[in-house]
Amino acid sequence: MTSMTDNAIAISDLTVRYGRTLAVNNVALNVAKGSVYALVGRNGAGKSSLVRCLLGEQRPEQGTSTLFGEDAWSRRAALMQRIGVVTEEADAPPEMKVSSIARFCSRLYDRWDQGSVEARLRTFGVPMTSRFGSLSKGQKKQVSLALALANSPELLVLDDPTLGLDVVARRSLFEEVIGDLADRGTTIFITTHDLGGVETFADRVGMMENGRLVLDEEVDALKSRFRRIRFAAQPVAIDTAVLRTTVMRSWGAGAEAIVSNYDDLAFERMRSASNIGAAEVEAMSLEEIFIAIAGGKS
């Protein structure tokens with residue numbers, strides 16, 4: 001069992017309200033040190049409000065957000081020495097050169113590795129002499145990432161980091177940067193729409209919907225219980241007491257079901273008892289699972 005001291009992030013009963021709008025509704029989640037947690041959800045689900053509270057930028061109406069056992073709101077200045085952040089919208093004065101931005105940021109951190117900033121930006125193909133305002137959206141995000149990693153953070157928070165990146169840059173971010181950090185034990189908290197990118201290295205995934213955390217589960221466990229079943233003929237009567245059917249629809253001359261608690265033995269027993277004919281059982285990607293969970297909801 002994970003103790004509080006094993007968590008890099010611990011959020012409890014977190015609630016955020018803007019007037020009458022409930023943006024985050026009584027959310028609780030933990031992120032173990034050295035793990036990768038991916039938070040997903042549609043736009044407006046409450047992810048950004050949660051991240052602001054997580055980083056101590058916003059005080060919640062109720063509940064707590066702690067980083068390494070310390071309150072994110074009251075201990076923010078000290079905690080930022082241990083954390084790297086890449087925001088959804090990279091921002092800096094447009095006339096400043098990248099080298100000047102890095103020099104300014106270096107004064108804010110006790111540990112700063114200027115060589116790592118320059119090396120990463122060379123890899124990304126972003127000159128240090130460039131004006132920030134002349135960079136593309138993707139290049140600005142790459143500058144933000146290089147700066148976020150310059151203090152060798154124990155926790156890296158990425159708010160939709162692939163926004164504006166092309167396919168090659170996204171692959172570099174996930175495989176070369178985040179994958180490498182995860183292998184070295186850096187804790188990573190990422191909000192994203194790019195489920196295919198995080199599927200290979202995320203340990204745990206959460207899903208927000210209308211301010212609530214409706215799913216919080218290990219990725220392997222989630223993928224092991226979801227299956228797509230295609231039947232050669234219809235109608236098909238699935239015993240929902242045995243297999244919970246999330247989606248049921250026509251598929252050619254047959255039918256397709258998405259099951260959220262799949263078990264080989266239970267399915268075979270049900271198929272024998274119900275005289276169900278030929279059926280194909282397929283594993284599902286993380287993206288397919290979330291479409292099945294959220295696709296029919298507004």
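- Within the 3.5 Å criterion, the main-chain N or O of Thr187 finds no donor-acceptor partner in the side chain of Lys33.
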Please list, one pair per line, the donor and acceptor atoms closer than 3.5 Å that link side chains of residues 48-56 to other protein atoms, with sequence neighbours excluded.
unit_1, atom_1, unit_2, atom_2, d
Ser49, OG, Tyr18, OH, 2.8
Ser49, OG, Arg52, NH2, 3.2
Arg52, NE, Gln58, OE1, 2.9
Arg52, NH2, Tyr18, OH, 3.0

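- Side-chain contact check for Tyr109 versus Gln81: some heavy-atom pair is nearer than 4.5 Å.
- In this structure, Thr186 and Glu154 approach most closely via the heavy-atom pair CG2-O, 3.7 Å.
- The line from CG of Leu195 to CG of Leu286 is 5.0 Å long, rounded to the nearest 0.5 Å.
- Trp73 places none of its side-chain heavy atoms less than 4.5 Å from the side chain of Thr66.
- Side chain of Lys47 to main chain of Arg42: a donor-acceptor pair is present (N/O by atom type, distance under 3.5 Å, no hydrogens or angles).
- Two residues are said to be in side-chain contact when any heavy atoms from C-beta on lie closer than 4.5 Å; Leu156 and Ile83 fail this criterion.
- Side-chain contact between Val126 and Val143 is present, with at least one heavy-atom pair separated by less than 4.5 Å.
- The two residues Met284 and Arg227 come nearest to each other via the heavy atoms SD-C, 3.6 Å.
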What do the steps show when you test Thr191 against Asp160 for side chain to side chain donor-acceptor pair (under 3.5 Å), and what is the final call?
CA-CA 5 Å; Thr191 72; Asp160 212 354; 5.7 Å; no
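- Under the side-chain contact (heavy atoms from CB on, under 4.5 Å) criterion, Asn25 pairs with Leu22, Arg212, not counting sequence neighbours.
- By the side-chain contact (heavy atoms from CB on, under 4.5 Å) test, Arg204 is found to be paired with Tyr37, Asp216, Glu218, residues two or more places apart in sequence or in another chain being considered.
- For Glu282 and Arg230, the salt-bridge test passes: some basic side-chain N is under 4.0 Å from an acidic carboxylate O.
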